[in-house]
Amino acid sequence: MTRAGYAWIVTEQSITGNALQFAPEGLLAIKLHGGTNTSAHISDALKVVAKGYHSYLQTDGPTNSGPPQHCRTDVPWESGHIFYKNMVEAIIPHGSIGRIEFDSSGDMIAADYKIENLQNGNLVQIGSWMAGSDPVDIHKPNSIVWPGGARTPPVGFEISNHFRVVSIKSHPFTYVDPTLDDGSCLEDDALECTDHEGNAKCCSGFCMDLLVKLSTKLNFTFEVHLVTDENYGAYERINGSTTKRWTGLIGDLVDGKADMIVAPLSINQAGSNEIDFTKPYKYRGFSILIKRPINTNNLSQVVRPFETKLWIVIFASIHLVAVILYLLDRFSPFSRPKRNQDEPDSCNISQAVWFTWSVMFNSGVGEGTPRSFAARVLGVVWAGFAMIIVASYTANLAAYLVLDKPKGGIMGINDARIRNPSASFKYATVQRSSVETYFKRQVELSSMYLFMKDRNYKNAQDAIDALKRDEIQAFIWDSAMLDYEAARDCSLVTVGELFGRSGFGIGLRFNSPWTYKMSLKILNFHENGVMEELDSKWIRRQNICSRSDDQPRTLEMSSMGGVFILVAGGLVFSCFCIWVEILYKRKQDAKKRQLDLARVAVENWRSTVKVRLNFQAKLQERRRAGKMLNQVSQSSAAEKHNGVQGPAALEKEMDGTMPACLLSRRSQRSKLPPPPTAASRWNSAGHSAAMQARQPLYGEFELKERV
């Protein structure tokens, strides 16, 4: 590069000191007038300080505090900014090195420079440039020596700093909105652009902000228009002929209709053969967008943590353990209380079931606890089992209710329904795009390309609308734009891993001198966080879905409906149980009343039979007494006839010596009431009245004791 045909233009630093001996012959250097004159610089510096301090004292100095005593103090100088302002506003029209004037940052805006040429190892002044004068004054143009010893300047070309920029409508990278009635844009950061018909529009978005930042840093101007055919670009035949040409964005650049492409244009090998790509300003890949499956939460959500077989085993275990607890407590010799102790007996089967259920739900067991040691050992083991089961259920239920993610209809690009296309599952992409080119060039994806070829849409928005209308089941496109759409519409979701990874780059003419500059500036933007700011402004801010897939979601009524149904089922079952208890109690009471009536009837029958038996016994005794009396009478008459005392004398004689039970009056035999009938036996009131009146009933008699 030091031979003829090249030009070297350097600053003063490259020709100062030892650097001059390594400088190539024929270079041009710009040098500050008096730059090596130290005394001149000191003299001009003192003039600036004196004038600035004089201005400070004349205006604000007396009313402000003085400077600090030393530079290492932590107390700031309150009037320091006023002093600095007076310094930078000081102007020296005729200084030792020329006019001295500063801008607000303290940099010199008025300086005189010399232009020197390195000839035979010596610097020769060939011109000058003075502040305020645009053209460079070259004293002797023919005396300049160029690299390689040439006397004529090298042939060069002019680099334009004005670009015709082409873009395409693609949210969130480029928004296209109509202008207001007065021709202005609603958004302050929107740029004026034209569509393919020449109508004024307002363009904004990620790419437009990036374009503005690049133009500011690289000092170029631009004008923006939208691509005519609304395609990204594909190399294809024109109207069925054998001639091929590029369409879309790349076509506008190749055909000379544009100088730069600022759009979400994928960097690929096919495009690199025709245009230059800068370094990627955003890295991305291809992804798949589908409709978010409807959440499968239903009223049986609370039973999802365990499968059906496990629920059956748990319920069977509860009752099996209850039965074993009852048997252990029933047959244990230590489960019954000792004599004269008020302790409860061993628990029954109902108490055992209540105990197992209470331990399972971690509720207090107030009564019916096992008494035997063997049963209590089993109870402790059951408590440990219940703790593990409840903890496992709680953890799984929390995962199902809070972190449950809807599963996509497909798993990614390697899903069988993608790899094996069928009419039941349709998917598509955008026509003449990098995604279509990717599938076209991949041999293993050729069947997918042929399936999508006739189904692809003109732009991404049409494909997304078709996905929402269920015309297609999946849309394959750039991951950055699909993530943006999924963030704006919670009914959509991206699935699978990224494939076809690359990046978005700015397109320039082939071998453009701006490619390297823009690539360096884009890398600088990545390092300084500019790209992160643009990403936060245009992509992340649009997330209206408050919850991401990695965050817990808010529980809905459909998630907890099963709990309320469980309570409602418990209420219904409790009401059924109380109804059964009432019916059972009524039946038991009716049966008890029947038993009481039967018991009363039996008692009455027994008393009646007993009375009759007593009556018959007394009647027989009377008969025996009558027979004895007749015998005594007959014997008395016989003795009297034989000279023995009569009955009366004998009776008097027998008083006090032989007791006898006789009826006082014989006539009372005829006055006794008749035997009771069936109706009189059931008349308890009449019976009690007769007993109170002490009236003799049938079978009663008066006893007389004679001694």
Checking ring-ring contact (aromatic ring centres under 6.0 Å, His included) for the pair Phe173/Trp538: CA distance, chi angles, key distance, verdict?
CA-CA 8 Å; Phe173 294 93; Trp538 292 105; over 10 Å; no
Is the distance between the ring centroids of Phe315 and Trp357 under 6.0 Å?
->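 Ring centres of Trp357 and Phe315 closer than 6.0 Å.
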Check step by step if side chain to side chain contact (heavy atoms under 4.5 Å, CB included) holds for Lys291 and Asp470. CA-CA 9 Å; Lys291 291 187 70 175; Asp470 293 329; 3.1 Å; yes
- Query: Run the side chain to side chain donor-acceptor pair (under 3.5 Å) check on Ser167 and Thr174 step by step: do they pass?
  - Reply: CA-CA 8 Å; Ser167 187; Thr174 305; 3.1 Å; yes
Are the side chain of [X] and the backbone N or O of [Y] linked by a donor-acceptor pair below 3.5 Å?
X	Y	value
Asn524	Leu520	no
Ser512	Leu508	no
Asn456	Val430	no
Asp229	Asn231	yes
Arg164	Gly256	yes
Ser519	Lys279	yes
Arg292	Cys490	yes
His526	Lys521	no
Asp255	Lys257	no
Thr494	Ile288	no

> Is Cys193 close enough to Cys202 that their SG atoms are under 2.5 Å apart?
Replying inline: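 Judged by the SG atoms alone, which are 2.5 Å or more apart, Cys202 and Cys193 are not bridged.
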### More than 12 heavy atoms of other groups within 6.0 Å of Lys453 NZ
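Counting other residues, nucleotides and ligands, NZ of Lys453 stays at 12 neighbours or fewer.
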Residues [X], [Y]: salt bridge by 4.0 Å N-O rule:
X	Y	value
Glu236	Arg432	yes
Lys201	Asp177	no
Asp195	Lys169	no
Lys282	Asp535	yes
Arg509	Asp259	yes

Point-to-point distance, once rounded to the nearest 0.5 Å, from [atom1] of [X] to [atom2] of [Y]:
X	Y	atom1	atom2	answer
Met452	Tyr457	CE	OH	12.5 Å
Arg501	Ser266	CZ	OG	13.5 Å
Tyr326	Thr356	OH	OG1	14.5 Å
Thr278	Ile261	OG1	CD1	10.5 Å
Ile275	Leu253	CD1	CG	5.5 Å

_Residues that Phe286 engages under ring-ring contact (aromatic ring centres under 6.0 Å, His included), provided they are two or more places apart_ =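 By the ring-ring contact (aromatic ring centres under 6.0 Å, His included) rule, Phe286 matches Tyr438, Phe499.
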[Y] and [X], any side-chain heavy atoms less than 4.5 Å apart:
X	Y	answer
Gln442	Tyr449	no
Asp478	Pro264	no
Phe510	Glu274	no

Exercise for review: Please report the C-alpha distance between Ile418 and Met411 in whole Å, then the side-chain angles of each, then the deciding distance to 0.1 Å, and finally whether the side chain to side chain contact (heavy atoms under 4.5 Å, CB included) criterion is met.
Suggested key: CA-CA 9 Å; Ile418 296 291; Met411 302 304 295; over 6 Å; no
Go through it in stages, so that I can follow the logic: the residues are Phe504 and Tyr283, the test is ring-ring contact (aromatic ring centres under 6.0 Å, His included), and I'd like the CA-CA distance, side-chain angles, deciding distance and then a yes or no.
CA-CA 6 Å; Phe504 291 146; Tyr283 295 91; over 10 Å; no
### Any residue meeting side chain to side chain donor-acceptor pair (under 3.5 Å) with Asn161, in chain and number order, not counting sequence neighbours
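Applying side chain to side chain donor-acceptor pair (under 3.5 Å) to Asn161 gives none.
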Under the side chain to side chain donor-acceptor pair (under 3.5 Å) test, residues paired with Glu471 that sit two or more places apart: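 Partners of Glu471 under the side chain to side chain donor-acceptor pair (under 3.5 Å) test: Arg469.
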For Ala383 and Val359, work out which heavy atoms get closest and say how close.
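Nearest pair, atom of Ala383 first, then Val359: CA-CG1, 3.5 Å.
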* Partner of Ser170 under side chain to side chain donor-acceptor pair (under 3.5 Å), chosen from Tyr484, Tyr232, Tyr175, Trp477 ->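 Only match with Ser170 under side chain to side chain donor-acceptor pair (under 3.5 Å): Tyr232.
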(message) side chain to side chain donor-acceptor pair (under 3.5 Å) for Ser479 and Ser287? Distances and angles first, verdict last.
(response) CA-CA 5 Å; Ser479 59; Ser287 184; over 6 Å; no
task: Carefully, step by step, assess Phe163 and Phe220 under the rule side chain to side chain contact (heavy atoms under 4.5 Å, CB included).
output: CA-CA 8 Å; Phe163 292 94; Phe220 65 83; 3.4 Å; yes
inquiry  = Does His162 form a side chain to side chain donor-acceptor pair (under 3.5 Å) with Thr221? I'd like the steps, not just the answer.
reply    = CA-CA 5 Å; His162 182 78; Thr221 58; 2.6 Å; yes
**Asked** Is a side-chain donor-acceptor pair under 3.5 Å present for Ser491 with Asp489?
**Response**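 Checked: Asp489/Ser491 side chains pair up, N/O donor to acceptor below 3.5 Å.
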*Determine, stepwise, if the pair Glu197 / Asn199 fulfils side chain to side chain donor-acceptor pair (under 3.5 Å).*
CA-CA 6 Å; Glu197 297 179 354; Asn199 299 322; 3.3 Å; yes
Using ring-ring contact (aromatic ring centres under 6.0 Å, His included), reason through Tyr281 and Phe525 one step at a time and then give a plain yes or no. CA-CA 9 Å; Tyr281 64 83; Phe525 285 168; over 10 Å; no
